[in-house]
Amino acid sequence: MVLIDDPSWPAHGRLWAHLVSDESLDELHAFAAANGIPSRGFDVDHYDVPADMHAALVAAGATHVGGRELVRRLIASGLRVTTRERRGR
């Protein structure tokens, strides 16, 4: 399942949300590509998506969840990349 949290992360003069899959990165990349999200938005285990895309992504099938739920499900899926692991890449 593809999940999206609230756009609450400020950067570059906009608010951003996180888009993840709780099943596979293949599912996440396919959903992103089908919805015009550029590959440069991918950050190891999620896509950063601007607030103005949020409603369209939910309409396309992403399930809106709170930030804590998104992280909980990403961890449970085994796809979460920790800060320590990010530094090692």
Side-chain angles (χ1 to χ4, degrees):
M1 177 179 293
V2 175
L3 310 167
I4 190 167
D5 64 0
D6 295 312
S8 57
W9 301 92
H12 312 288
R14 304 167 96 174
L15 289 177
W16 298 79
H18 299 112
L19 187 74
V20 306
S21 169
D22 65 358
E23 293 179 24
S24 72
L25 291 178
D26 288 339
E27 176 189 46
L28 179 60
H29 292 310
F31 185 89
N35 287 282
I37 300 170
S39 60
R40 70 179 177 272
F42 184 66
D43 186 15
V44 185
D45 60 4
H46 70 277
Y47 280 87
D48 294 316
V49 294
D52 60 353
M53 291 188 74
H54 192 273
L57 294 171
V58 171
T63 299
H64 178 246
V65 296
R68 288 184 181 177
E69 177 69 8
L70 182 136
V71 172
R72 186 188 71 74
R73 292 187 46 190
L74 187 59
I75 290 168
S77 74
L79 298 173
R80 174 75 168 132
V81 177
T82 68
T83 301
R84 176 176 279 162
E85 292 168 332
R86 286 173 192 270
R87 288 183 191 136
R89 288 183 177 220

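Since the structure is predicted, the reported quantities are computational estimates derived from the model, not experimental observations.
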Legend entry - Same apolar cluster: Val81 and Ile75, side chain cutoff 4.5 Å: no
Legend entry - ILVMFWY cluster, Val44 and Phe31 together (side-chain gap under 4.5 Å): no
Inset, instruction - Report the residues that fulfil side chain to side chain donor-acceptor pair (under 3.5 Å) with Thr82, sequence neighbours left out, ordered by chain and then residue number. - result: Glu85
Legend entry - Point-to-point distance, once rounded to the nearest 0.5 Å, from NE2 of His29 to CD1 of Ile37: 11.5 Å
Inset, instruction - Working to the nearest 0.5 Å, report the span between CG of Asn35 and CE of Met53. - result: 6.5 Å
Inset, instruction - Please round to the nearest 0.5 Å and tell me the distance separating atom CD1 of Ile4 and atom OH of Tyr47. - result: 13.0 Å
Inset, instruction - Any pair with a residue in residues 43-57 that passes salt bridge (Lys or Arg N to Asp or Glu O under 4.0 Å), sequence neighbours left out, goes on the list, sorted by first then second residue, please. - result: Arg14-Asp52, Asp43-Arg86, Asp45-Arg80, Asp45-Arg86
Inset, instruction - Not counting sequence neighbours, which residues clear salt bridge (Lys or Arg N to Asp or Glu O under 4.0 Å) with Asp6? List them please. - result: none
Inset, instruction - Treat each ILVMFWY residue as a node, draw an edge where side-chain heavy atoms are under 4.5 Å apart, and state whether Leu70 and Val58 are in one component. - result: yes
Legend entry - Residues which pass side chain to side chain donor-acceptor pair (under 3.5 Å) with Glu69, listed by chain and number, not counting sequence neighbours: Arg72
Inset, instruction - Answer with yes or no whether the hydrophobic clustering places Leu57 together with Leu15; edges join I, L, V, M, F, W, Y residues whose side-chain heavy atoms lie under 4.5 Å apart. - result: no
Legend entry - Set of residues satisfying side chain to side chain donor-acceptor pair (under 3.5 Å) with respect to Asp22, sequence neighbours excluded: Arg73
Legend entry - Flag side-chain contact, heavy atom, 4.5 Å: Pro7 against Trp16: no
Legend entry - CG on Leu28 to CZ on Phe42, rounded to 0.5 Å: 6.0 Å
Legend entry - Pair Glu27-Val2, side chain to side chain contact (heavy atoms under 4.5 Å, CB included): steps then yes or no: CA-CA 8 Å; Glu27 176 189 46; Val2 175; 3.9 Å; yes
Legend entry - Residue list, side chain to side chain donor-acceptor pair (under 3.5 Å) with His18, at least two apart or on another chain: Asp5, Trp9
